[in-house]
Amino acid sequence: MAEPITVSLPDGSAREVPAGTTAGELAAQIGRRLAQAAVAATVDGQRVDLSVPLPSGATVAVVTDGSEAGREVLRHSTAHVMAQAVLDLFPGAKFAIGPPIEDGFYYDFELPGGATFGDEDLERIEARMREIVAEDQPFVREEHDRDQGLELFADQPYKREIIEGVDPSEGAGGGQVSAYRNTERFVDLCRGPHVPSTGRLGHFKLQKVAGAYWRGDERRPMLQRIYGTAWESKAALDAHLERLREAERRNHRRLGTELDLFSMPEELGAGLVVWHPKGAMVRKLMEDFSRTEHERAGYQYAFSPHLARSGLWETSGHLDFYAESMYPPMEMEGARYYAKPMSCPFHVLIYRSNQRSYRELPLRLFEIATVYRNERSGVLNGLLRARGFNQDDSHIFCTPDQAVEEITALVEFVLRMLRAFGFEEFEATLSTRPEEKAVGSDDDWEAATEALRVALERTALSFDVDEGGGAFYGPKIDVHLRDAIGRRWQLSTIQVDFQLPQRFGLEYVGADNARHRPIMVHRALFGSVERFFAILLEHYAGAFPTWLAPVQVRVLSVRDDHAAYATDVATRLGSEGFRVDGAGADEPLGARIRRAKLEKLPWVLVVGDDDVAAGTVGVNGRQGEVERGVSVDAFVARLAAEVTGTRI
RNA sequence: GCCGGGUUAGCUCAGCUGGUAGAGCGCUUCUCUUGUAAAGAAGAGGUCGUCGGUUCGAAUCCGACACUCGGCUCCA
């Protein structure tokens with residue numbers, strides 16, 4: 001009998017076990033339920049299989065299936081099962097990589113003769129996967145040296161490339177390669193860990209087929225990627241599928257049609273939008289609010305045309321760096337005009353139209369401008385990624401020593417605005433100088449990056465740093481938010497620019513009577529009005545807060561003989577500045593109520609005999625609450641309080 | 001741009017292996033006059049995305065294109 005060894009557990013306790021005890025056996029000793037939930041273990045910080053014998057003195061934590069780490073293991077193992085199924089069903093298929101991802105996994109394949117998967121193949125593959133699960137094949141770890149590894153995957157060029165590239169994350173580091181074998185025929189290069197056997201899996205669903213470039217490189221072969229999702233239980237899988245259905249119910253394209261907000265007719269061309277009256281009302285309210293707040297925050301409006309001659313875009317550098325994303329030029333009277341993809345060059349011209357003194361700075365110019373970008377056809381995505389959209393662009397020109405204060409105020413302004421629209425959770429990314437090409441001196445970069453960092457720290461906004469993720473012209477902050485169902489969206493961006501002031505030779509006269517170069521900050525808050533509108537629409541699932549609702553109140557008369565009173569009430573509300581409409585008694589009241597609910601109106605008023613007699617209304621809120629006999633004055637006051645209360 | 005889906009009435013969709021189109025909602029008209037999530041009846045509405053091909057015959061099969069959805073790449 002071997003000497004006992006001692007291991008420590010996450011709760012700080014120590015436990016004595018016989019030498020050679022595996023992580024799985026340890027879990028079983030601790031408890032049945034833990035053993036059932038165990039999929040892997042963490043030993044001294046390393047994620048390992050349950051079958052690994054524990055070293056003496058190790059710190060051990062069991063990885064359970066419902067944890068994020070445990071789900072990663074389940075998903076990774078499920079990806080292997082899918083690979084085995086595909087290799088069984090498609091002889092000659094090559095397999096590349098198959099990692100777990102958020103909520104699921106994928107695996108990339110190359111089929112012989114350039115064949116592709118269709119949706120109907122997913123069912124066959126899934127059926128074969130269920131057989132593999134039923135067979136309860138073990139995952140057996142194997143260690144090979146590099147040459148053995150190359151031999152093992154002799155007819156799998158992608159695996160060989162991984163081994164030759166020595167990629168520790170794929171199980172090929174330090175001259176050793178690890179692989180997991182399920183059967184005599186199926187073995188996959190992998191770092192692990194995996195569940196003990198395929199019988200441990202089963203709550204999965206294959207979702208879609210997509211093309212994906214090998215190693216994410218456009219110049220390399222396009223592989224066939226299959227996405228799937230996998231969970232620890234049927235309940236968790238069902239909950240996930242329900243979340244997907246909820247996201248689909250909130251899809252802004254669906255709601256845009258149902259609520260008659262906007263459309264993108266084919267006749268317009270890809271990525272172009274027409275706003276219907278109700279959507280246009282929401283957009284107008286968003287923009288009005290934004291303009292008012294900008295004015296309060298010391299911005300000045302600017303307007304600029306949709307077109308400019310090529311020379312402007314040469315000076316700005318857009319034709320050098322951005323031409324692919326611009327619409328092709330139009331020729332007129334021997335000049336070439338381009339539709340604008342951004343407003344910055346125009347605002348620079350406004351700055352440059354006068355000699356500027358330091359006393360004028362910061363100069364903040366604001367414009368909601370329609371811009372056009374030739375987005376590649378495959379990236380278009382409803383209002384979220386359109387070719388013609390409206391950017392709430394502003395450009396701030398300031399002296400270098402104003403930068404910290406200005407950017408701090410800017411971050412605060414951005415958060416205040418986003419909160420006013422009902423968002424509560426924010427995160428930011430600070431992107432620093434790229435490795436390769438970058439304009440501006442090291443000192444400039446250092447100072448600007450520091451200004452951004454200080455601003456983030458002062459506003460207590462949590463942020464991570466994307467080293468080298470900045471644009472070549474300056475560092476930036478991106479603000480992300482989470483919506484009502486937890487999705488993360490990138491929205492606002494604050495970018496320092498050393499490039500344009502230099503290209504356009506911008507100057508100001510300082511207190512020292514010498515000429516200096518201003519710093520320029522680009523800032524988009526909504527980013528794109530269209531995109532922000534879409535995010536809002538999905539966030540609220542179409543039920544806009546009262547201050548943004550295109551129709552705030554609908555007045556319904558019980559019978560036609562209450563119509564005159566209903567009109568009086570509607571007129572009164574209209575004169576108080578509310579958006580109100582009505583519906584006569586052509587249909588039963590229940591049907592009209594239902595219609596109003598489906599239109600997601602915030603308030604529905606019902607007026608009948610009692611109300612005509614007493615000068616009251618019946619008030620219906622959006623949640624289904626009903627209150628009879630409310631005086632019109634009281635309702636007006638309530639509505640007014642609600643509308644002002646939900647804004648800044 | 002690349003890979004895979006898709007496009008049938010205003011909307012959501014059905015239409016088996018080829019034989020010139022259906023439903024529900026919506027819309028119009030009439031009847032009903034209603035107190036809180038669908039009253040009844042009648043009617044109108046479609047060159048089946050576009051163009052070309054195969055076929056005696058195409059919504060259906062093939063090709064190109066447009067648009068669209070999901071990915072990849074891109075997003076100075």
Side-chain angles (χ1 to χ4, degrees), chain A residues 101 106 108 110-111 114-122 207-227 248 251 253-254 257-258 260 263-272 316-326 341-342 344 373-382 385 434 437-439 470-474 476 478 490 493 495 497 499-500 522 527-528 556-563 584-599 604-611 617-621 624-629:
Chain A
I101 53 173
Y106 67 79
D108 286 347
E110 182 182 78
L111 297 181
T116 58
F117 294 118
D119 280 353
E120 63 287 357
D121 292 322
L122 293 185
Q207 294 173 299
K208 54 208 170 197
V209 180
Y213 299 105
W214 169 233
R215 301 259 168 172
D217 187 338
E218 242 181 321
R219 294 160 303 191
R220 309 198 63 175
M222 174 156 282
L223 305 177
Q224 291 286 302
R225 175 172 297 178
I226 299 177
Y227 284 91
E248 181 48 34
N251 185 303
R253 288 165 284 241
R254 167 190 296 270
T257 302
E258 284 176 6
D260 196 17
S263 59
M264 303 180 81
E266 183 176 339
E267 293 88 330
L268 280 181
L272 300 172
S316 70
H318 283 86
L319 287 181
D320 288 335
F321 297 105
Y322 201 68
E324 276 192 3
S325 296
M326 293 169 69
M342 300 180 194
C344 26
R373 296 184 185 176
N374 178 19
E375 302 284 0
R376 291 166 82 174
S377 59
V379 307
L380 297 173
N381 188 347
R385 192 90 176 262
K437 60 174 185 178
V439 299
F472 73 89
Y473 55 78
K476 63 173 181 176
D478 293 313
Q490 187 193 318
T493 175
Q495 311 188 345
D497 186 349
Q499 157 101 343
L500 281 185
H522 303 246
S528 140
L556 303 178
S557 49
V558 174
R559 284 191 318 272
D560 275 342
D561 49 324
H562 308 125
D586 286 346
E587 290 177 297
L589 183 63
R592 286 176 285 155
I593 296 271
R594 176 168 192 272
R595 197 182 295 270
K597 298 290 183 196
L598 292 176
E599 288 178 46
V604 178
L605 303 184
V606 174
V607 296
D609 290 334
D610 302 348
D611 300 296
V617 293
V619 178
N620 300 263
E625 65 279 19
V626 178
E627 198 181 343
R628 294 278 293 270

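Below, chains carry the letters A, B, ... as their sequence lines are ordered, and counting in each starts from 1. Model, not experiment: these values are computed from the prediction.
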Excluding sequence neighbours, so at least two apart, what forms side chain to side chain donor-acceptor pair (under 3.5 Å) with [X]?
X	answer
A:Asn374	none
A:Arg253	A:Asn251, A:Asn381
A:Gln490	A:Asp478

Report task. Grab the CZ-C1' distance between A:Arg594 and B:rG35 for me, whole Å please. Result ->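 The answer, rounded to whole Å, is 19 Å.
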Query raised in the report: Atom CD of A:Glu218 to atom P of B:rC3: distance rounded to whole Å?
Result: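 Atom-to-atom, A:Glu218 to B:rC3, this comes out as 12 Å.
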Requested in this report: Could you tell me which residues satisfy ring pair (Phe, Tyr, Trp, His ring centres under 6.0 Å) with A:Tyr213, sequence neighbours excluded, listed by chain and number?
Outcome: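 Not a single residue meets the ring pair (Phe, Tyr, Trp, His ring centres under 6.0 Å) criterion with A:Tyr213.
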Query raised in the report: What pairs with A:His522 under ring pair (Phe, Tyr, Trp, His ring centres under 6.0 Å), at least two apart in sequence or on another chain?
Result: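 A:His522 satisfies ring pair (Phe, Tyr, Trp, His ring centres under 6.0 Å) with A:His395, A:Tyr473 only.
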Query raised in the report: The side chain of A:Arg385 lies closest to which of these nucleotides: B:rC74, B:rA37, B:rA76?
Result: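 So the nucleotide nearest the side chain must be B:rC74.
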Query raised in the report: How would you label the contact of A:Gly608 with the nucleic acid (heavy atoms, under 4.0 Å): base, sugar-phosphate, or nothing?
Result: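 Base, at least one base heavy atom under 4.0 Å.
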Report task. Scan A:Gln499 against the nucleic acid and name what it touches under 4.0 Å (heavy atoms): base, sugar-phosphate only, or nothing. Result ->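 A:Gln499: no heavy atom of the nucleic acid under 4.0 Å.
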Query - Donor-acceptor pair (no angle test) under 3.5 Å: A:Asp609 side chain, B:rG35 base - result: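 Such a pair does not exist between side chain and base.
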Query - Protein-to-nucleotide contact annotation, 5' to 3' order, nucleotides 61-71 of chain B [B base; S sugar-phosphate only; - none; under 4.0 Å, heavy atom] - result: -----BSSSBB
Query raised in the report: Across all strands, who's sitting opposite B:rA66 as a Watson-Crick or G-U wobble pair, both distances under 3.5 Å?
Result: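 By the stated definition (distances under 3.5 Å), B:rU7 pairs with B:rA66.
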